[in-house]
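Comments concern the structure below.
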Amino acid sequence: MSTISLPQNIQVVEVGPRDGFQNVTKWIPTEKKIEIIEQTILAGLKKIEVTSFVHPKAVPQMKDAKEVVETLREKHKDKLIISALVPNLFGAKNAFEAGVDEITYVISASEKHNMANVNKLPSESVDDLKLIMKQFPDLKLKLAVATAFSCPFAGRTPVEKVLYLVDSVLEVSKEAIICLADTIGAANPLQTDELISRFKEYFGEVELSLHLHDTQGMGMANTVIAMQSGVNTFETSFGGLGGCPFAPGASGNMATEDLVNMAHQMGIETGIDMNKLLEAVKLIKSNVETPVVSHISNIDLKCE
């Protein structure tokens with residue numbers, strides 16, 4: 001009998017339509033984006049980060065954000081939590097009007113990384129978030145803590161900086177979901193365990209999820225440690241699409257199908273049909289000009 005303590009089930013949150021597609025240079029037709037997303041819904045994904053309400057000049061691939069959200073809401077509102085990233089008040093307004101269920105707002109725990117991303121200190125980004133939540137108090141908020149483990153400019157991120165940022169945001173929205181992101185994929189299992197343990201000690205039952213990258217090949221190991229530490233929600237990207245721009249050529253995001261396969265092999269329920277999920281990956285291979293780097297997608301796997 002195993003002595004490893006693992007959850008009976010986990011929630012997998014698909015972020016590929018936003019985190020993966022935003023890095024694709026060639027335009028993906030809106031109908032193809034929706035077709036791929038709908039296949040993941042058919043596979044059993046219940047929460048998907050479907051797009052980003054950024055300025056189209058900044059990320060041209062996301063210029064159809066409104067159409068994507070409105071179409072999915074009209075067709076799947078009863079079986080899908082629609083999440084979208086917003087960078088500012090204007091993006092939040094557009095997301096709210098389109099009908100998203102949840103917004104993702106990114107603040108880096110590293111001052112240098114936040115300055116590089118949005119030219120603001122983390123505290124200034126928190127102030128901007130206050131304006132968003134004041135105007136749209138009914139929007140569900142997920143705070144994505146970028147560089148929660150390591151920063152490409154400053155090295156390893158002190159745990160205290162992460163806790164301070166989360167505490168500041170929970171003052172803005174007590175119901176916020178906190179997602180700790182391993183932005184450059186440099187976290188190791190001991191570091192993952194330490195951060196989660198400190199987080200739970202400090203914040204108790206605050207809803208926690210992880211967004212892990214596999215840049216240095218430790219994504220799965222970090223996932224298992226996180227499960228043992230009591231985390232049961234993980235953000236992943238179909239095909240392993242996306243990744244950190246500061247690590248060129250790196251595999252980047254954890255692949256949804258790899259995580260689901262590991263969970264099922266370990267007897268952990270996900271509610272996801274692997275064969276139907278792999279059909280979504282096939283659609284990506286056929287319609288999106290980007291590398292598919294997951295392990296499972298490159299072998300002939302059939303699951304009963």
Side-chain angles (χ1 to χ4, degrees), residues 11-54 56 59-86 91 94-95 97-104 211 234-243 252-261 264 270-303:
Q11 180 185 34
V12 181
V13 178
E14 178 59 61
V15 299
R18 192 278 301 175
D19 201 356
F21 288 171
Q22 72 179 4
N23 291 332
V24 178
T25 302
K26 186 174 181 180
W27 173 248
I28 307 167
T30 303
E31 61 271 18
K32 285 299 177 183
K33 290 176 184 169
I34 293 171
E35 181 183 1
I36 293 167
I37 294 169
E38 288 187 320
Q39 181 60 40
T40 66
I41 297 170
L42 187 63
L45 272 297
K46 302 265 191 274
K47 183 175 180 180
I48 304 175
E49 194 169 271
V50 300
T51 191
S52 175
F53 283 85
V54 296
V59 187
Q61 192 65 252
M62 301 286 104
K63 67 183 180 182
D64 57 357
K66 182 174 183 287
E67 184 178 351
V68 168
V69 170
E70 289 182 343
T71 300
L72 292 172
R73 183 161 185 81
E74 180 181 353
K75 298 173 68 176
H76 305 285
K77 64 180 179 180
D78 294 330
K79 53 187 172 183
L80 178 67
I81 297 174
I82 300 173
S83 179
L85 185 144
V86 303
N94 288 337
E97 291 176 349
V100 303
D101 300 301
E102 174 188 286
I103 59 169
T104 299
H211 181 121
F234 298 90
E235 294 189 353
T236 54
S237 175
F238 41 37
L241 271 60
N253 283 313
M254 288 274 295
T256 304
E257 58 270 28
D258 287 345
L259 172 58
V260 172
N261 177 62
H264 290 180
T270 65
I272 296 170
D273 183 310
M274 178 60 112
N275 293 323
K276 291 179 180 178
L277 178 60
L278 290 174
E279 288 300 317
V281 178
K282 287 181 182 179
L283 284 172
I284 293 168
K285 288 182 174 182
S286 301
N287 296 283
V288 182
E289 291 191 11
T290 189
V292 171
V293 298
S294 66
H295 298 282
I296 294 304
S297 65
N298 293 311
I299 64 176
D300 185 16
L301 179 72
K302 282 295 179 183
C303 302

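Just so you know, these numbers come straight off a predicted model, no measurement behind them. For the numbers below, each heavy atom of this structure counts, side chains included, while hydrogens, waters and symmetry mates do not.
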task = Give me the one residue out of D258, L278, L259 that meets side chain to side chain contact (heavy atoms under 4.5 Å, CB included) with S294.
result = D258
ask   = Would R73 and I82 satisfy side-chain contact (heavy atoms from CB on, under 4.5 Å), going step by step from the backbone distance to the final call?
value = CA-CA 8 Å; R73 183 161 185 81; I82 300 173; 3.9 Å; yes
Test: K77 and D101 ion pair at under 4.0 Å = no
query = Are V288 and I36 close enough that some pair of their side-chain heavy atoms sits under 4.5 Å apart?
reply = yes
ask   = Stepwise, does the side-chain hydrogen bond (donor to acceptor under 3.5 Å, both in side chains) test hold for T104 with E49?
value = CA-CA 8 Å; T104 299; E49 194 169 271; 2.7 Å; yes
From CD1 (I37) to CZ (F21), nearest 0.5 Å = 6.5 Å
ask   = Which atom pair, heavy atoms only, marks the closest approach of G240 to A255?
value = N-CB, 3.5 Å
query = Looking at side-chain heavy atoms only, is the closest gap between F234 and M254 below 4.5 Å?
reply = no
note = In short, P60 meets W27 closest at the heavy-atom pair O-CZ3, 3.6 Å
ask   = Got a sec, which residues hit side chain to side chain donor-acceptor pair (under 3.5 Å) with K26, two or more places apart in sequence or on another chain?
value = E289
task = Compare every heavy atom of M62 with every heavy atom of P17, then report the nearest pair and how far apart it is.
result = O-CE, 3.7 Å
key: Side-chain (Q61) to main-chain (N23) donor-acceptor, under 3.5 angstrom   = no
message = Measuring only between side-chain heavy atoms, which start at C-beta, is S237 closer than 4.5 Å to E14?
response = yes
ask   = Looking at residues at least two apart in the chain, or sitting in another chain, which of them share a side-chain contact (heavy atoms from CB on, under 4.5 Å) with K75?
value = E38, T71
ask   = So, for K63 and P56, which heavy atoms are closest and what is the spacing to 0.1 Å?
value = CB-CB, 3.7 Å
remark   = Separation between CD1 (I34) and CG (L72), nearest 0.5 Å, reads 5.5 Å
message = Rounded to the nearest 0.5 Å, what separates atom NE2 in H76 from atom CG in L42?
response = 9.0 Å
inquiry  = V12 vs T256, test: side-chain contact (heavy atoms from CB on, under 4.5 Å). Steps then yes/no.
reply    = CA-CA 8 Å; V12 181; T256 304; 3.9 Å; yes
ask   = Say you draw a straight line from CG of L45 to CD1 of I81; how long is it, rounded to the nearest 0.5 Å?
value = 11.5 Å
note = Heavy-atom nearest pair, I103 first then A95, reads CG2-CB, 4.3 Å
message = Is it the case that over 12 heavy atoms from other parts of the model lie below 6.0 angstrom from the NE2 atom of H295?
response = no
key: Ion pair check, E35 and K32, cut-off under 4.0 Å   = yes
request  = Report the C-alpha distance between L277 and M274 in whole Å, list the side-chain angles of each, state the deciding distance to 0.1 Å, and finish with yes or no for side-chain contact (heavy atoms from CB on, under 4.5 Å).
outcome  = CA-CA 5 Å; L277 178 60; M274 178 60 112; 4.3 Å; yes
ask   = Which pair of non-hydrogen atoms, one from S297 and one from V292, has the smallest distance, and what is that distance?
value = OG-CG1, 3.4 Å
key: Residues which pass salt bridge (charged side-chain N to carboxylate O under 4.0 Å, His left out) with K285, listed by chain and number, not counting sequence neighbours   = none
key: Side-chain heavy-atom pair T30, V68 within 4.5 angstrom cut-off   = yes
inquiry  = One pair to check against side-chain contact (heavy atoms from CB on, under 4.5 Å): V86 and V100. What are the steps and the verdict?
reply    = CA-CA 11 Å; V86 303; V100 303; over 6 Å; no
key: Gap between atom CD1 of I41 and atom NZ of K46 - 0.5 Å precision   = 10.0 Å
inquiry  = Would you compute the distance between atom CG of D19 and atom CG of N253 and round it to the nearest 0.5 angstrom?
reply    = 4.5 Å
query = Is any side-chain N of the basic residue among K282 and E279 closer than 4.0 Å to the acidic one's carboxylate O?
reply = yes
